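Here is the structure we will look at, set down as structure tokens.
Each ligand, and each atom within it, is numbered from 1 in the order the structure gives. Keep in mind it's a predicted model, so treat the numbers as computed, not measured.
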Amino acid sequence: MRILVVEDDKDLNAQLCEALVEAGYVVDKAFDGEEGHFLGDTEPYDAVVLDVGLPQMDGISVLENWRRDGRTMPVLVLTARDRWSDKVQGIDAGADDYVAKPFHMEEVLARLRALVRRAAGHASNEIEAGPLRLDARAGKVTLDGRSLKLTSHEFRLLSYLMHHKDEVISRTELTEHMYDQDFDRDSNTIEVFVGRLRKKLPGEIIQTVRGLGYKLTGG
Ligand code: CA
């Protein structure tokens with residue numbers, strides 16, 4: 001799952017990114033509205049954390065522009081404390097949720113998990129696919145009730161496929177959601193990770209759809 005953080009406060013930006021990476025997300029960051037708008041307009045994100053008060057272009061305008069251009073990724077807006085007008089404007093502009101500053105990192109993480117899950121059409125923190133069960137909060141996958149040992153890359157890959165089970169996902173889409181913008185992307189790497197993941201999973205749970213990509217079957 002790939003997240004964009006748009007926050008001009010360098011310390012806060014770094015804290016958010018660190019917490020998100022620790023929680024297993026891939027993170028891109030921007031420090032002003034223009035850069036943030038550009039990234040959100042050109043890269044596929046599973047969610048965005050967007051500050052309202054930003055240089056170059058304010059957060060509300062960034063969000064309005066994205067929505068006007070049909071960008072539908074979930075957006076969590078960070079508002080200044082007691083600025084109720086920020087919340088109203090944010091929601092009017094198409095925010096999916098907001099957190100007022102100062103916030104506890106745990107709250108941001110919990111709200112993001114909920115947004116990502118809802119966007120993928122899942123009502124709970126746990127997703128099942130056949131013998132597999134993903135606990136998004138704990139960042140764990142079990143197979144027939146036993147914990148699966150996965151590297152962070154394998155976890156991201158499996159988590160993305162499970163959030164989109166029974167859908168055909170192209171290698172490009174997987175690459176875009178597994179790596180940040182600075183990563184040297186090579187779709188062959190995805191094949192290697194899929195190969196490794198398959199060795200840890202039963203039979204045909206991850207199918208190759210010739211010429212199109214992969215599909216995790218829900219069972
Ligand atoms: Ca700010």
Considering only NZ, NE, NH1 and NH2 on the basic side and carboxylate oxygens on the acidic side, decide whether [X] and [Y] come within less than 4.0 Å.
| X | Y | answer |
| --- | --- | --- |
| Lys101 | Glu7 | yes |
| Glu167 | Lys215 | no |
| Asp96 | Arg118 | no |
| Arg68 | Glu64 | no |
| Asp46 | Arg2 | no |

(message) Consider side-chain contact (heavy atoms from CB on, under 4.5 Å). Of Thr142, Leu201, Leu197, Leu134, which one does Leu148 pass it with?
(response) Leu201

(request) Give me the protein N, O or S atoms that fall under 3.0 Å of the Ca ion (ligand 1), sorted by chain and residue number. (result) Asp8 OD1, Asp51 OD2, Gly53 O

